[in-house]
Number of protein chains: 2
Amino acid sequence: MKILLVEDEPKVSAFIRRGLEEEGFEVEVAYDGRFGRQLALGHAYDLIILDVILPHFSGLEVLAALRTQDQQTPVLLLTALGTTQDKLLGFGGGADDYLVKPFDFPELLARVRALLRRRGQQAKSAVLIFEDLTLDTAAKTVMRAGQPIRLTAREFGLLELLLRHAGRVLSRAELAADVWEDSFDAGSNVVDVYVNYLRNKVDKGFSQKLIHTVVGMGYVLRSE
Amino acid sequence: MKILLVEDEPKVSAFIRRGLEEEGFEVEVAYDGRFGRQLALGHAYDLIILDVILPHFSGLEVLAALRTQDQQTPVLLLTALGTTQDKLLGFGGGADDYLVKPFDFPELLARVRALLRRRGQQAKSAVLIFEDLTLDTAAKTVMRAGQPIRLTAREFGLLELLLRHAGRVLSRAELAADVWEDSFDAGSNVVDVYVNYLRNKVDKGFSQKLIHTVVGMGYVLRSE
DNA sequence: ATTGCCCCATGAAAATCCTGCTGGTGGAAG
DNA sequence: CTTCCACCAGCAGGATTTTCATGGGGCAAT
């Protein structure tokens, strides 16, 4: 993990740098806005820590430069105590987090970790969409025609599988194998029961049914 | 300032585009929901103007896709005269403003400006807001309906995470990973216990509960 | 020494899950 | 055209799993 630190006070920057390096991060330091901006734009950092008050360019200007280049690197701003809210308000660019000086190092570390983690998480959020039905696998939310639908864990698992294979007929055995993992009794009608639960929540009240039975074969998610 | 306009009627979109460009905004136009969604998710716009009625996906679905990805870009919805309020109200994720067609251009411009201004403010302050609950990440203060709430460090961390992902179901593992960092025992019920503490401090005494459990999945911060 | 926070463990409570059953439907066979 | 039969929808209540809520011990800061 590579972190860029832009901070002009040697004491502060040394303090932060040492702390972060002890935690296993790779840290580069810039001592003014101009150099900071150059590094920020020229390299791919995982996180940038910016002091607001700097020689040449302020941290806010560095941030602006970054964002106008469509760089989404997370930015943690260090604002001196007493920096007027106004100054920050006037600014469009958007940092990801703020920390007011003076601060404890553990506090900084926690935020750095949070930002790095958050960035990692966002990438894996996957939204499955079929017609007017949407399912977010990460957020565990389901919507039909913009209306939120509340599902239990089993129902969610079943719908997710149907969505992943929309248009394809899935046999009870296939559904059971995936949603019920191993604990599945072949003589059971659980699948039927849960398909019904789903129909009540997903299809009921809509003229356009999405869940269909294919007699003797299984179930499909399709329009028609 | 970059604005995305999703509107299928060529006359209307040309009209809005020209007007906004004369005011110095940079405007991109998508003519259907699918392309609109693609652009919205792929680029960092300062504002998105969405027509509700569109080919492929409705504006509401584009909005839903955006919000489930945790994108907080302000959204202005254009609704045709006669669209029932219900349809809009049922919407959890929330547009930031609505405008009923037909509308005057100065009206649109005023709202666009207001949204951009508001966002500037929100982004700067390290204050997370959901309904009548506010949390200041810098000052470490929490308020519900104007009343201050005292939280311990753990409780605060947990609530902050829930707020940052409001509307999204977070599993115990996700919560633990962020709040308890590494020292987390999978067989423990710490998360449950702390959610309980939070409920006592945040939800107790309010008819509108904000912390909800989704059995088998985790916890969410949401209204309803 | 006291206070407040953190976390474990437990039984109670709630929600979900699943079984077993009834009735219905549609297609095939007669 | 009628009868039969395999298959499916739908329900209800008990079994099972999951979550809530609470007491208390350990620990660190004051």
Side-chain angles (χ1 to χ4, degrees), chain A residues 104 106-107 110 140 142 149-162 169-206 209-221, chain B residues 140 142 149-162 169-206 209-222 224:
Chain A
D104 292 336
E107 169 77 29
K140 306 283 185 211
V142 176
I149 296 177
R150 303 178 63 157
L151 299 181
T152 71
R154 280 271 136 88
E155 292 163 357
F156 187 90
L158 185 56
L159 183 59
E160 179 176 345
L161 190 60
L162 287 170
V169 179
L170 294 165
S171 72
R172 279 151 230 277
E174 285 176 302
L175 294 169
D178 201 294
V179 179
W180 278 263
E181 308 259 317
D182 31 55
S183 66
F184 172 63
D185 169 22
S188 163
N189 68 339
V190 245
V191 178
D192 299 52
V193 171
Y194 274 85
V195 167
N196 267 353
Y197 289 164
L198 268 188
R199 280 188 167 138
N200 282 327
K201 294 187 178 179
V202 172
D203 270 346
K204 188 170 250 179
F206 292 88
K209 307 296 183 195
L210 296 178
I211 302 171
H212 300 271
T213 305
V214 182
V215 179
M217 306 195 122
Y219 299 96
V220 218
L221 196 81
Chain B
K140 304 285 181 206
V142 176
I149 296 177
R150 273 183 69 87
L151 298 182
T152 72
R154 283 274 135 97
E155 292 163 357
F156 187 89
L158 186 56
L159 184 58
E160 179 176 345
L161 190 60
L162 286 169
V169 178
L170 295 165
S171 71
R172 279 152 230 276
E174 286 175 301
L175 294 169
D178 203 296
V179 178
W180 278 262
E181 305 267 315
D182 28 57
S183 66
F184 172 62
D185 169 22
S188 162
N189 68 340
V190 244
V191 178
D192 299 52
V193 172
Y194 274 85
V195 166
N196 200 49
Y197 290 163
L198 267 188
R199 280 189 167 136
N200 283 327
K201 294 187 178 179
V202 171
D203 270 346
K204 189 170 249 177
F206 293 88
K209 308 294 183 197
L210 296 179
I211 303 171
H212 300 269
T213 111
V214 182
V215 178
M217 295 178 162
Y219 298 96
V220 217
L221 197 80
R222 67 173 160 220
E224 170 220 3

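In what follows, chains are A, B, ... by sequence order, proteins preceding strands, each numbered from 1.
- Here the side chain of H212(A) pairs no donor or acceptor atom with the backbone of Y219(A) at under 3.5 angstrom.
- Judged by atom type and distance alone, Y197(A) does not reach the base of dC11(D) through any side-chain donor-acceptor pair under 3.5 Å.
- The distance between atom CE of M217(B) and atom C1' of dA15(C), rounded to the nearest whole Å, is 14 Å.
- The closest side-chain heavy-atom distance from V214(B) to R222(B) is below 4.5 Å.
- The side chain of R199(A) sits closest to dA9(D) out of dA9(D), dC7(C), dA9(C).
- At least one side-chain heavy atom of W180(A) sits under 4.5 Å from a side-chain heavy atom of V191(A).
- When distances run from any side-chain atom of T213(A) to the nucleotides dA9(D), dC6(C), dG10(D), the shortest one goes to dA9(D).
- Each of K201(A), R199(A), K140(A), R150(A) was compared with E155(A) under the salt bridge (Lys or Arg N to Asp or Glu O under 4.0 Å) criterion, and only K201(A) meets it.
- L198(B) places a side-chain heavy atom less than 4.5 Å from the side chain of L162(B).
- Regarding contacts with the backbone of dG4(C), every side-chain N or O of R150(B) stays at 4.0 angstrom or more from both OP1 and OP2.
- Candidate nucleotides dC8(D), dG10(D), dC18(C) were compared by shortest atom distance to the side chain of N189(A), and dG10(D) ranks first.
- In this structure, I211(A) atom CD1 and dA9(D) atom C1' are separated by 13 Å, rounded to whole Å.
- Atom NE2 in H212(B) sits roughly 12 Å away from atom P in dC20(D) (whole-Å rounding).
- Considering only the side chain of V193(B), dA9(C) comes nearest among dC20(D), dA9(C), dC7(D).
- Considering only side-chain N and O atoms, Y194(A) lies nowhere under 4.0 angstrom from the phosphate OP1 or OP2 of dT19(C).
- Where N200(B) and N196(A) meet DNA chain D, the nucleotide closest to each residue was compared, and N196(A) sits on the side nearer the 5' end.
- One finds a side-chain N or O of R154(B) lying less than 4.0 angstrom from the OP1 or OP2 phosphate oxygen of dC7(C).
- The side chain of A153(A) lies closest to dC17(C) when the candidates are dC17(C), dT19(C), dT19(D).
- Applying the 4.0 Å criterion to OP1 and OP2 of dC17(C), one finds that W180(A) has every side-chain N and O outside that range.
- A close approach under 4.0 Å does occur between a side-chain nitrogen or oxygen of Y219(A) and OP1 or OP2 of dA9(D).
- Spacing between atom CG of L175(A) and atom P of dC17(C) amounts to 16 Å, rounded to whole angstrom units.
- A straight line from CG of L198(A) to C1' of dC17(C) spans 14 Å, rounded to a whole angstrom.
- In this structure, N196(A) and D192(A) have side chains that are not in contact, with every pair of non-hydrogen atoms separated by 4.5 Å or more.
- Residue T152(A) has no polar side-chain atom (N or O) positioned under 4.0 Å from OP1 or OP2 of dA15(C).
- Contact between the side-chain N/O atoms of S188(B) and the OP1/OP2 oxygens of dC8(C) is found at a separation under 4.0 Å.
- Atom-to-atom, CG of D192(A) to P of dT25(C) comes out at 17 Å; the value is rounded to the nearest Å.
- If you measure from atom NZ of K209(B) to atom C1' of dC20(D), you get 14 Å, rounded to the nearest angstrom.
- Mapping E155(A) and L151(B) onto DNA chain C via the closest heavy atom, the residue that lands nearer the 5' end is L151(B).
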